[in-house]
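Please read these numbers as outputs of a predicted model, since none were measured by experiment.
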There are 2 protein chains.
Amino acid sequence: MPAAARAYHHGNLRAELLDAAERSIEKSGADQLSLRELAREAGVSHAAPRTHFPDRQALLQALVERGFTHLGATLRTARDQAAPDLEARLHAVIAAFVTFAATRPALVNLMFATKTTADEPHQKAAADTTAVVYDLINEGVQTGALAAGDPERYGLLLYAWAQGLATLTATGNLPPETANTLVAEAVSTFLRGNTPLP
Amino acid sequence: MPAAARAYHHGNLRAELLDAAERSIEKSGADQLSLRELAREAGVSHAAPRTHFPDRQALLQALVERGFTHLGATLRTARDQAAPDLEARLHAVIAAFVTFAATRPALVNLMFATKTTADEPHQKAAADTTAVVYDLINEGVQTGALAAGDPERYGLLLYAWAQGLATLTATGNLPPETANTLVAEAVSTFLRGNTPLP
DNA sequence: CTAGAAACTTGGCAATGACAAGATTGGCTA
DNA sequence: TAGCCAATCTTGTCATTGCCAAGTTTCTAG
């Protein structure tokens, strides 16, 4: 019995709760989120959410997981639609990251505020997201566009940069209109700083 | 009547509440923070905190403000104790940033999860923190160590990088022992990527 | 068609944040 | 020094919330 796709008393309550929760945190912050309020919005009883989420934390975690899945997909799309050279693709991916953060600041905060322990369910989704950057870096090292070195280290470095730019955007310290320019400079600085010696 | 230094019924309740709050969020996360619990720990009535903080959010904001003040001071100390050349000082500052984040992950998350609107009280403390990086960048541009360009843009770029590395450390995605190496690489990459043409 | 599981409801409890009104204390002034 | 005033803290209260237990409805597998 596929729980997610079932149409029962309410329909697919789980997904609707997550949608409402995402709207709520963007409007009032994550710590204002009320399960009972979500239930009211969905027109179900105050204990109905408990069927799908054992507690409040579980709902937030599901939100984070969905966020990473969404972000990963967004980054992959951006990569595939960019021009084929490394710089263009890196730029497209990081710019998409920043745009994502500008659109869903509260969700992004939540995603990166959650401690990462190995047994958490969002681990895989998060790894699939970082992999987008890592893979491009790997490719760059292999084609010789980047100086030989530990690709994982490069990946972490660039991912950290992207994450920082995204967070600054999400918190309003970086106006979205200048963000794009900064992303371009970050990528070109990164590449220029790691160009193999001729 | 200097409110902060007074010893009254309790002593300086305000500071003690903030200390307890910081301990609490590092132990159980910010959304588990309970004003009544803090009051109990301090041995005062459940409504006593209200004298110093109108509501829960105000306490969190005070925590953020204190955090930025502390971080700024930490960065300035690191800068002053480093070797006088630009790279060493940048490295020292960002490494101190990352160490700060590793020591107080929950506080750092809170600091960078809070939306920055102009009228918020922690604005100045936050600005004083970013200024440490900005000033070094400015100095680098003026002495010719960095290519001519918009210093503010450089500053934002490097600050974003530092913030990203700090957040990754705080969330456990970057083991503190490798963090130092990565910081060194980030700084040298940044400088290498922005060296003026000879 | 029936049994059992999944989804939801009703009722209840302890804890919390916020508020109002009163008590205590310390300093400032007249 | 007497007394007022403001800051600090207390007691009492309320609505809301998260979580839990027990029961009810609906779906589905066999």
What integer distance in Å separates [X]:[atom1] from [N]:[atom2]?
X: A:R40; N: C:dT9; atom1: CZ; atom2: C1'; result: 16 Å
X: B:R56; N: C:dA18; atom1: CZ; atom2: C1'; result: 13 Å
X: B:H52; N: D:dA7; atom1: NE2; atom2: C1'; result: 9 Å
X: B:L35; N: C:dC19; atom1: CG; atom2: C1'; result: 14 Å
X: B:E37; N: C:dA14; atom1: CD; atom2: P; result: 18 Å
X: A:D31; N: D:dT17; atom1: CG; atom2: P; result: 14 Å
X: B:H46; N: D:dT8; atom1: NE2; atom2: C1'; result: 15 Å
X: B:N12; N: C:dT25; atom1: CG; atom2: P; result: 19 Å

Q) Does the side chain of A:Q163 come under 3.5 Å of the side chain of A:T167 through a donor N or O and an acceptor N or O? A) yes

(Q) Tell me every residue that passes salt bridge (Lys or Arg N to Asp or Glu O under 4.0 Å) with B:E152, counting only those two or more places apart in sequence or in another chain. (A) none

Q: Measure distances between side-chain N and O atoms of A:R50 and base N and O atoms of D:dG18, and say whether any donor-acceptor pair falls under 3.5 Å.
A: no

Can you give me every donor-acceptor pair (side chain of residues 17-26 of chain B, partner residue at least two apart or in another chain, under 3.5 Å) with its distance?
from  : atom 1 : to     : atom 2 : distance (Å)
B:D19 : OD1    : B:R66  : NH1    : 3.0
B:D19 : OD1    : B:R66  : NH2    : 3.2
B:E22 : OE1    : B:R66  : NH2    : 2.7
B:E26 : OE1    : B:A106 : N      : 3.0
B:E26 : OE2    : B:A106 : N      : 3.3
B:E26 : OE2    : B:L107 : N      : 2.9

Q: Remember a base hit wins even if backbone is also touched, and classify B:L33 as base, sugar-phosphate or nothing at under 4.0 Å, heavy atoms.
A: sugar-phosphate

(Q) Is the distance between the ring centroids of B:F112 and B:F68 under 6.0 Å? (A) yes

Q | NE2-CG distance between B:H52 and B:N12, expressed to the nearest 0.5 angstrom | A | 9.0 Å

Q) Which residue, A:S45 or A:R36, contacts DNA chain C at a nucleotide closer to its 5' end, judged by nearest heavy atom? A) A:S45

Q) Can a side chain N or O of B:S34 be found less than 4.0 Å away from OP1 or OP2 on C:dA15? A) no

(Q) Please determine whether a side-chain nitrogen or oxygen atom of A:T51 lies at a distance below 4.0 Å from atom OP1 or OP2 of C:dA6. (A) no

Q: Please determine, for the side chain of B:L13, which listed nucleotide (D:dC9, C:dT9, C:dC19) has the closest atom?
A: D:dC9

